[in-house]
Amino acid sequence: MNDSNVEKASRRAFVGRLAALGTGALLNRTGSAADAPAPGIIDVHHHLYPPSFVTELTRARQNLAAAKDWTPQRSLEDMDKAGVATAIVSITTPGVSFVDDATARRLARECNDYAAKLAADHPGRFGSFAILPWPNADASLREIEYSLDTLKADGIGMLTSYGDKWFGDPYFAPIFGELNRRKAVVYTHPTSPNCCRNALPGIPDTAIEYGTDTSRAIIRTVFSGTARKYPDIHFIFSHAGGTMPFVIERLVNLAKTPQYAAQFPKGYVAEASKLYYDTAQASNPVAMAALRKVVPVSQIVFGTDYPFRTSLDHVKNLKECGVFNAAELRAIERENGLKILPRRHA
């Protein structure tokens with residue numbers, strides 16, 4: 001090839017590269033490139049703030065700091081920085097139970113529709129845990145059917161307690177039976193029960209009470225026999241089980257007492273190991289080491305609590321905590337989630 005032809009070929013290659021770059025930039029502006037799913041992390045603890053939810057929070061004078069910061073694009077940007085392929089979004093505390101029954105039913109439907117549209121608009125990037133208008137059992141059963149059958153949600157999201165009733169109480173039997181029949185995922189998020197709100201002046205409930213209420217829900221689920229009665233529900237508990245791993249000795253011994261020994265032929269840990277636990281706001285050496293002593297790595301799934309914390313925080317902390325090897329990290333970040341979230345395989 002002579003010099004003239006070489007120069008022409010070089011110009012063509014350069015123009016081609018510019019065209020490719022231009023197309024890439026355009027795709028990023030329109031969102032389609034940013035939405036392209038790639039094998040990566042699955043975040044099971046990622047919150048969203050639909051407009052109707054924000055409106056009701058505003059009317060009730062609830063904390064709106066995180067709501068003001070959230071947009072779908074900001075979620076995607078945070079995910080991309082850390083290699084999160086998919087976020088399973090959910091409505092956080094206070095759920096929809098802070099409004100009257102009619103409003104709760106409407107709000108639950110609007111939030112679930114919004115989450116489904118978010119997933120449709122960004123294929124592969126978002127899934128959802130649908131919120132229920134509990135304690136209205138009939139409306140909750142209808143919302144389960146609509147969310148799982150029509151919207152194709154990944155599971156159901158619930159709070160650790162409602163008023164003075166904790167997760168695992170027979171109070172929840174009307175919906176647990178249906179969720180067990182469907183072999184559904186039930187993701188739980190902590191809240192502050194009636195007994196313990198604003199217990200310490202100047203200390204927010206998120207600092208202490210959320211971890212404690214998570215523990216109450218886990219302990220109630222195990223000791224009430226709920227975990228055994230509904231073995232096909234995949235329960236996910238937030239924040240590495242809250243304080244549960246740190247009171248494990250008391251729980252192990254409680255399971256040996258005459259009141260419970262017959263229910264726990266293999267002990268408390270065998271029952272607790274049937275549940276799943278996420279890493280949100282607990283990706284530190286103390287919490288992860290304690291949780292791993294209670295349950296196998298197969299029961300730990302990745303969570304971030306976005307927008308309250310970042311995805312990158314959790315990826316970095318899990319790698320640096322010194323508790324897991326590379327294969328175990330991969331299991332936590334993706335493979336364990338795939339076992340209970342079959343839609344994510346697609």
Side-chain angles (χ1 to χ4, degrees), residues 42 44-45 88 90 127 129-130 132 134 137 140-141 143-145 147-149 152-162 165-190 214-242 244-245 248 251-252 254-257 259-278 291-303 331-332 335-345:
I42 298 173
V44 304
H45 190 145
I88 313 300
S90 57
F129 292 134
L132 301 180
W134 188 258
S140 292
L141 287 168
E143 200 61 30
I144 289 170
E145 180 180 17
S147 297
L148 298 183
D149 294 344
K152 308 302 181 183
D154 291 272
I156 299 298
M158 297 182 69
L159 301 180
T160 49
S161 60
Y162 293 80
K165 298 291 186 183
W166 276 271
F167 205 78
D169 194 280
Y171 172 71
F172 299 99
I175 57 174
F176 278 177
E178 175 62 10
L179 292 170
N180 188 70
R181 183 186 71 81
R182 290 174 171 269
K183 298 179 171 58
V185 172
V186 176
Y187 154 86
T188 64
H189 192 277
T214 296
S215 301
R216 292 189 187 103
I218 295 167
I219 293 165
R220 190 77 174 93
T221 298
V222 172
F223 282 91
S224 69
T226 297
R228 294 190 303 280
K229 185 174 182 179
Y230 306 106
D232 291 326
I233 294 178
H234 304 295
F235 293 104
I236 300 175
F237 289 96
S238 299
H239 309 306
M244 184 274 290
I248 188 64
L251 300 176
V252 167
L254 178 61
K256 296 176 182 178
T257 62
Q259 181 180 358
Y260 292 111
Q263 298 180 38
F264 298 103
K266 296 182 179 180
Y268 169 82
V269 171
E271 294 298 320
S273 294
K274 297 175 182 177
L275 311 175
Y276 287 84
Y277 306 83
D278 77 37
L291 180 62
R292 186 174 179 180
K293 291 290 185 180
V294 178
V295 304
V297 171
S298 62
Q299 304 308 113
I300 305 174
V301 288
F302 184 86
I332 291 168
E335 293 164 4
N336 294 343
L338 286 177
K339 289 187 300 184
I340 57 175
L341 300 167
R343 296 190 193 282
R344 297 305 112 205
H345 285 280

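Only heavy atoms go into these numbers, but all of them, side chains included; no hydrogens, no water, no symmetry mates. Positions are given from 1, in the same order as the sequence printed here.
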Checking S273 side chain against A270 main chain: does a donor-acceptor pair fall under 3.5 Å?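 Judged by distance alone, no pair lies under 3.5 Å.
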Could you tell me whether a side-chain N or O of K183 sits under 3.5 Å from a main-chain N or O of N180, the two making a donor and an acceptor?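 No, K183 side chain to N180 backbone: no donor-acceptor pair under 3.5 Å.
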Indicate yes or no: at least one non-hydrogen side-chain atom of [X] is less than 4.5 angstrom from one of [Y].
X    : Y    : result
I248 : V269 : yes
P231 : K274 : no
T214 : T188 : no
R292 : V297 : yes
L179 : Y230 : no
V222 : L275 : yes
F237 : M244 : no

Run the salt-bridge test on R182 and E178 with the 4.0 Å N-O cut-off and return the result as yes or no.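 Looking at R182 and E178, the cut-off is met.
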Worked verdict on Y277 versus V294 for side chain to side chain contact (heavy atoms under 4.5 Å, CB included): CA-CA 11 Å; Y277 306 83; V294 178; 5.7 Å; no
Rounded to the nearest 0.5 Å, how far apart are [atom1] of [X] and [atom2] of [Y]?
X    : Y    : atom1 : atom2 : result
Q263 : R228 : CD    : CZ    : 4.5 Å
T226 : F172 : OG1   : CZ    : 9.5 Å
K256 : L251 : NZ    : CG    : 12.0 Å
R216 : T221 : CZ    : OG1   : 13.5 Å
R344 : L338 : CZ    : CG    : 9.5 Å
I156 : I236 : CD1   : CD1   : 12.0 Å

Report the C-alpha separation of N336 and I42 in whole Å, then their side-chain angles, then the decisive distance to 0.1 Å, and conclude whether the side chain to side chain contact (heavy atoms under 4.5 Å, CB included) test is met. CA-CA 9 Å; N336 294 343; I42 298 173; over 6 Å; no
Is the NZ atom of K339 crowded by more than 12 outside heavy atoms at less than 6.0 Å?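 Counting neighbours around NZ of K339, more than 12 heavy atoms of other residues, nucleotides or ligands fall under 6.0 Å, so yes.
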If you count heavy atoms of other groups shown closer than 6.0 angstrom to NZ of K229, is the number above 12?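 Counting other residues, nucleotides and ligands, NZ of K229 stays at 12 neighbours or fewer.
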What's the verdict on side chain to side chain contact (heavy atoms under 4.5 Å, CB included) for F129 and V185, showing C-alpha distance, side-chain angles and the deciding distance? CA-CA 8 Å; F129 292 134; V185 172; 3.7 Å; yes
side-chain contact (heavy atoms from CB on, under 4.5 Å) involving A137 - partner list, sequence neighbours excluded: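 W134, P174.
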Nearest heavy-atom neighbours spanning [X] and [Y]:
X    : Y    : answer
H189 : H239 : NE2-NE2, 4.5 Å
Y268 : V252 : CB-CA, 4.1 Å
G241 : S215 : O-OG, 3.4 Å
S224 : G168 : OG-O, 3.0 Å

Could you check whether Y162 and Y171 have their ring centres less than 6.0 Å apart?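 Not close enough - the centres of the two rings lie 6.0 Å or further apart.
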Report the residue from F167, Y187, Y276 that forms a ring pair (Phe, Tyr, Trp, His ring centres under 6.0 Å) with F235.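 For F235, the ring pair (Phe, Tyr, Trp, His ring centres under 6.0 Å) test succeeds with only one of F167, Y187, Y276, which is F167.
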Any residue meeting side-chain hydrogen bond (donor to acceptor under 3.5 Å, both in side chains) with D232, in chain and number order, not counting sequence neighbours: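 If we apply the side-chain hydrogen bond (donor to acceptor under 3.5 Å, both in side chains) test to D232, skipping adjacent residues, there are no hits.
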Under the ring pair (Phe, Tyr, Trp, His ring centres under 6.0 Å) test, residues paired with F264 that sit two or more places apart: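 Scan of F264 (ring pair (Phe, Tyr, Trp, His ring centres under 6.0 Å), adjacent residues dropped) gives F223.
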